[in-house]
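First the structure, then my questions, so here it is.
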Amino acid sequence: MPDEFITKAARCPLPALYSIRMRASHRGRHISGAEGIINEELVDDKAIALIHRALNHSRGEPDSITVTIERIDGVEVKKIPALPICTCRINSGEAARGAVAALLNHAGIGASTVSAALNIIEGGADESGAALVDAATGERLDTESTGGIRVSRFGIEDEALAQFKVAAAGLLRETRVLEAVMLASKAASGRGVIAELCISDNPGYTTGYVSSRGLGYVRIPHIKKEGDSKGGRVLFIDKGADINALIRYLRHTPVMIDKFGGIQLASKELDELIGIDNCQP
Ligand code: PML
């Protein structure tokens, strides 16, 4: 049959998937970034939403916004489950620091590596990506570029998203949490990643998280003071990991979350979280 008689639907029986990524900056300083993997028919709306978000960010007005839209063709999309979500009961900055150290220690990361990670995040280097840090020594492993490694090309399937929305009803900043959980879930699925620590660089957002495959996604309120725009991510990496392969995976492999991992809305004591070894009820 000549090509012109083959309808678009027959050539593309499944809707095409697109990776969409936004990055905004002001004089080279990172303002915001966001992304998703979405069906073709959502691309216009998502692009507009990302531009709107870049223009209305509490870190300031950007002078450069880049939106990249890329069709995912001929590449296998890896499916992963979302990490389960829970919140540690915290009422002070000091308790938050203690919880970060205890949770990471539970994941096998020593105190000196935790303080190396906090120095990177709070050093004010304004990195838009994640720092990769040797879990045993605290040494920085991503040396080939500045700005860290952006964990990229991830999305969530409709059913898992619908389950998240029902379960997270009533949660403040639901979209921010969802995006962070998606990123943390992709990061945790990378070979050699032991755990992650994230502190938001948004000056008005004081909840961060520690995540790992064993702990799940543990939210830590009061991880920084209101008004502080220093933040970032550190991924703690196992000694024998193939760093180049891991960086390729984190940046380029398309990943879809196909299972919602559950969310516990009521916060839990640190001891309880460490005792049960993940966020599942
Ligand atoms: C960010 O977007 O700046 C990081 C978000 C961390 C979200 C923590 C949470 O509330 O679960």
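For ligands, and for the atoms within them, numbers begin at 1 and follow the listed sequence.
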What closest approach, in Å, do Val77 and Met256 show between heavy atoms, and which atom pair accounts for it?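 Of all heavy-atom pairs spanning Val77 and Met256, the closest is CG1-CG, 3.6 Å.
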
Would you mind running through ligand 1 and noting each atom that sits below 4.0 Å from a heavy atom of Val177?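 Near Val177, meaning under 4.0 Å from one of its heavy atoms, ligand 1 has 9 (C), 10 (O), 11 (O).
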
For the residue pair Gly190 and Arg213, what are the closest heavy atoms and their distance?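 Heavy-atom minimum between the residues: O-NH1, 3.9 Å.
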
Could an N or O of ligand 1 be found under 3.5 Å from any N or O of Arg219, whether backbone or side chain?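 N/O-N/O distance below 3.5 Å exists for this pair.
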
Within the supplied structure, the quantity of interest is the number of heavy atoms (other residues, nucleotides, ligands) at a distance under 6.0 Å from Arg89 CZ; does it exceed 12?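 Yes - once you tally the heavy atoms of other residues, nucleotides and ligands closer than 6.0 Å, there are more than 12.
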
Quick one: look at Asn202 and ligand 1, take heavy-atom pairs under 4.0 Å, and tell me if it's side chain, backbone, both or neither.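 For Asn202, there is no contact with ligand 1 at all, from either part.
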
Of all the heavy-atom pairs spanning Ala47 and Ile69, show the shortest one and how long it is.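 Nearest heavy atoms, Ala47 then Ile69: CB-CD1, 4.3 Å.
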
Would you check, one step at a time, whether the test side-chain contact (heavy atoms from CB on, under 4.5 Å) holds for Lys46 with Tyr18? CA-CA 11 Å; Lys46 182 79 178 177; Tyr18 285 79; over 6 Å; no

Chi angles and distances behind the salt bridge (charged side-chain N to carboxylate O under 4.0 Å, His left out) call for Glu159, Lys259: CA-CA 8 Å; Glu159 203 178 317; Lys259 267 193 214 84; over 6 Å; no

Any idea which protein heavy atom is nearest atom 7 (C) of ligand 1, and the distance to it?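 Atom 7 (C) of ligand 1 sits closest to the protein heavy atom Tyr217 OH, 3.5 Å.
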
Specify the protein heavy atom at minimum distance from atom 3 (O) of ligand 1: its residue, its atom name, and the distance to 0.1 Å.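 The answer is Ser200 OG, 2.7 Å.
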
Quick check: does Tyr205 get an N/O under 3.5 Å from an N/O on ligand 1?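 Yes, at least one N or O pair falls under 3.5 Å.
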
Shortest protein contact, atom 2 (O) of ligand 1 (heavy atom only):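 Ranked first by proximity to atom 2 (O) of ligand 1 is Arg176 NH1, 3.3 Å.
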
